[in-house]
There are 2 protein chains.
Amino acid sequence: MDEFQPPGRLVTLTDVAREAGVGESTVSRVLRNHGSSSKRARERVAEAVARLGYVPNRLAGSLAGPGASAQLAGVIVPSLANVVFPDLLRGLTGALDAVGIRCVIGVSDYDPDREEALAAALLSWRPAALLLTGLEHNPATVALARAGGVRVVEMIDTDGAGIDAVVGFSNRAVGAASARHLVARGYRRIAYLGHDLQVDLRAGKRLAGFEAALGEAGLSLHGREIRPGPSSPGSGRAGLEVLLARHPDLDAVYFSNDDMALGGYFACLSAGLSVPGRIALFGFNGLDFAAAMPQPLSTVRTPRLEIGRQAAACLLGESPKRIDLGFELIEGATA
Amino acid sequence: MDEFQPPGRLVTLTDVAREAGVGESTVSRVLRNHGSSSKRARERVAEAVARLGYVPNRLAGSLAGPGASAQLAGVIVPSLANVVFPDLLRGLTGALDAVGIRCVIGVSDYDPDREEALAAALLSWRPAALLLTGLEHNPATVALARAGGVRVVEMIDTDGAGIDAVVGFSNRAVGAASARHLVARGYRRIAYLGHDLQVDLRAGKRLAGFEAALGEAGLSLHGREIRPGPSSPGSGRAGLEVLLARHPDLDAVYFSNDDMALGGYFACLSAGLSVPGRIALFGFNGLDFAAAMPQPLSTVRTPRLEIGRQAAACLLGESPKRIDLGFELIEGATA
DNA sequence: AACCGGATTGGCAGCGCTGCCAAAAGTCGC
DNA sequence: GCGACTTTTGGCAGCGCTGCCAATCCGGTT
């Protein structure tokens, strides 16, 4: 901790060995608590490390070590603007921290080509695993992941085949459950209000499941509005206004997520429309605010943190290859 | 891209060199586009790389290279549950991506000791820079950062001295501006509603600035409620109920952030209290939903993305050592 | 045709660390 | 006090790549 600061050069393991009066291997063994060492050696090394302020160089360690790094995990998420992904990361980092693995992150902006480039970039750090979001990737991305010699975990979506391990829930099933709930409650003129589907494929799968379940009930979507850009309360608010103008007889709206639904709720408050009397609202995600609303939002709670945690378990090889964590429909008071 | 997959071993630069029929140095030079090379060499290398599916090993590259890694940045945030930090990361990754630097993240959970441990762990990857949140750290963390031979950027808070570079805004000033706004609008019985201050030091600084400005106006806080745990709409809602029960004559509430304020707004809606007639609400952060509310929330918008971007510029050495990005008071309709 | 300067190239040491192996130091029983 | 073990230790090669340097090549000169 002292102010030793060899101008350009950082303290190396060799320096520690010299300072402690032992061999390099001994320092290495002591530091990693691997193999046997005498109490005396441990003490001298600890002293030297403290005196010199030694910080091991894992670049070198991983390079010399067995397969690869095994101490980094590459994570690619499509966005950080949507709470879902920070939550995922939260679960991941929480679980990986405990075993000393750090996450290197990449944000693809929902662009498969950027995802591909990021996959290559992250693999060049020889991570222990590559964590992707969703099941849809460029063929080249899949090839990279396969050839990379790393474990691959795809998170969030279980509607389809994965490269290796898959942890999430069925977005289709969420959509279907949401539709069945609305139908059971007697709503018949149901619209969909979402953000860009080309971009958020999982929202598209929910909608597909939703429409399929409506179909089973002999219904079909009574209007739909797709807003450009990412989801946000502002977008939800504006979208609901458009939708109501176009279909004044709507009795329920299924939103692509809670943020959009919150905006819709605000639009209703502003317009003085009673919820769910005049119009019912149904969201997705089960965010914190949903339960705090004057009328708790009807929505589906997704196991975001748990997906992160299970993905961590997966990459440590402690879990099955395919985990469906399900979801929970929250009845709420808006639908 | 083919299915070459030498059982255990990954493709190395040497393999590429052999395949291309050139020397290792040539491959290295071509791949990094550094030094001169003939067109023919470039073509043969590109071919070999494609044929073998070569992914460079940056662990080795960084180890062999000059100073250190210079391709990784270590980022420590206190939490991922609060939008502020994902926004910060968004700005950071966006700007660093362009120059090929990846972020390795650590989440400290607002614990200085964990922060210290994370700093050591991240430094062991020999990052080009270490990005911390706030200005308060363990002395050991500071020593590590100083000795690590890396650029250090402290983000968000400018109220105090930094280790090296500092990018953010003055939380004290935010608090003071908020207080002055409320006072100017005629509110006199103002309470504070926040989450754990021991933990979120920046919220504490805002409160200090707020109280100081109240003092200048001859006022003092008319009640305060500190909720345990992280901020959330639920906590804000419950907190406001407590506060109103205790101080029925309150005319305004300053919240530790917009999430808390949203909960407060919901509490008012539920209780049928008119806002801001009966009670005024003032938040902090300027989140998306604030503008979509039936009455836009009065709050302060903070340049979160921009802080991330500027921090990136800082660590690339393109910026001054201290950047105050200011903030914007949004008058809104709730105070 | 011999020569010259710049462009291009390959060999090789070495970045800091770990794994392997043989040497050295302890331990124990008799 | 001595051999047979077991524990602890240090030397050294080598992980995959880059920087350095000397060798080679090329085109145009004289």
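Quick note: numbers below take in every heavy atom, side chains included, and nothing from hydrogens, waters or symmetry partners.
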Problem set entry | Exercise: do B/Arg304 and B/Thr302 side chains pair donor with acceptor under 3.5 Å | yes

For this session: Mind calculating the distance between CG (B/Asn57) and P (D/dC17) to the nearest angstrom?
Result: 6 Å

Exercise. Would you say B/Thr14 reaches D/dG16's phosphate, i.e. side-chain N/O to OP1/OP2 under 4.0 Å?
Worked result: no

Exercise. Which one, D/dG11, C/dG16, C/dG14, comes nearest to the side chain of A/Leu63?
Worked result: C/dG16

Exercise. So, B/Arg32 side chain and B/Ser28 main chain: donor-acceptor pair closer than 3.5 Å or not?
Worked result: yes

Seminar exercise, completed: note: A/Asn33, atom CG; D/dT8, atom P; distance rounded to Å ~ 12 Å

Exercise. Any salt bridge between A/Glu306 and A/Arg309, counting N to O under 4.0 Å?
Worked result: yes

Exercise. Does OP1 or OP2 of D/dT8 have a side-chain N or O of A/Ser38 closer than 4.0 Å?
Worked result: no

For this session: May I ask you to verify if any side-chain N or O of B/Arg32 is less than 4.0 angstrom from the OP1 or OP2 atom of D/dG19?
Result: yes

For this session: Whole angstrom is fine here: how far is it from CG in B/Leu31 over to C1' in C/dT9?
Result: 16 Å

For this session: Send over the distance from B/Arg42 CZ to C/dT8 P, rounded to a whole Å.
Result: 8 Å

Exercise. Under 4.0 angstrom, heavy atoms only, what part of the nucleic acid is A/Ala17 near: base, sugar-phosphate, or nothing?
Worked result: nothing

Exercise. Is A/Thr12 side chain donor-acceptor paired with the C/dG16 base, going by distance under 3.5 Å alone?
Worked result: no

Problem set entry | Distance-only donor-acceptor test, B/Ser36 side-chain atoms vs C/dG6 base atoms, 3.5 Å | no

Problem set entry | B/Ser28 (side chain) and D/dG19 (base): donor-acceptor pair under 3.5 Å | no

Seminar exercise, completed: Between B/Val22 and A/Arg29, the residue closer to the 5' end of DNA chain C by nearest nucleotide is B/Val22

Exercise. Rounding to a whole Å, what distance do you find between B/Arg40:CZ and C/dT8:P?
Worked result: 13 Å

Exercise. Whole Å only: how far is the CD atom of A/Gln71 from the P atom of C/dT18?
Worked result: 10 Å

Exercise. Taking only N and O in the side chain of B/Thr26, is any of them less than 4.0 Å away from OP1 or OP2 of C/dG10?
Worked result: yes

For this session: On DNA chain C, check which nucleotide each of B/Ala60 and B/Glu24 is closest to and give me the residue with the more 5' one.
Result: B/Glu24

Exercise. How many angstroms lie between CG in A/Leu132 and CD1 in A/Ile163, if you round to the nearest 0.5 Å?
Worked result: 5.5 Å

Problem set entry | Any A/Ser37 side-chain nitrogen or oxygen under 4.0 Å from OP1 or OP2 of D/dT7 | no

Exercise. How far apart are the C-alpha atoms of A/Leu130 and A/Leu144, what are their side-chain angles, what is the distance that settles it, and do they pass the side-chain contact (heavy atoms from CB on, under 4.5 Å) test?
Worked result: CA-CA 10 Å; A/Leu130 188 60; A/Leu144 266 172; over 6 Å; no

Exercise. Between atom NZ in A/Lys39 and atom P in D/dT8, what is the gap in whole Å?
Worked result: 13 Å

Exercise. Rounding to a whole Å, what distance do you find between A/Arg58:CZ and C/dC17:C1'?
Worked result: 12 Å

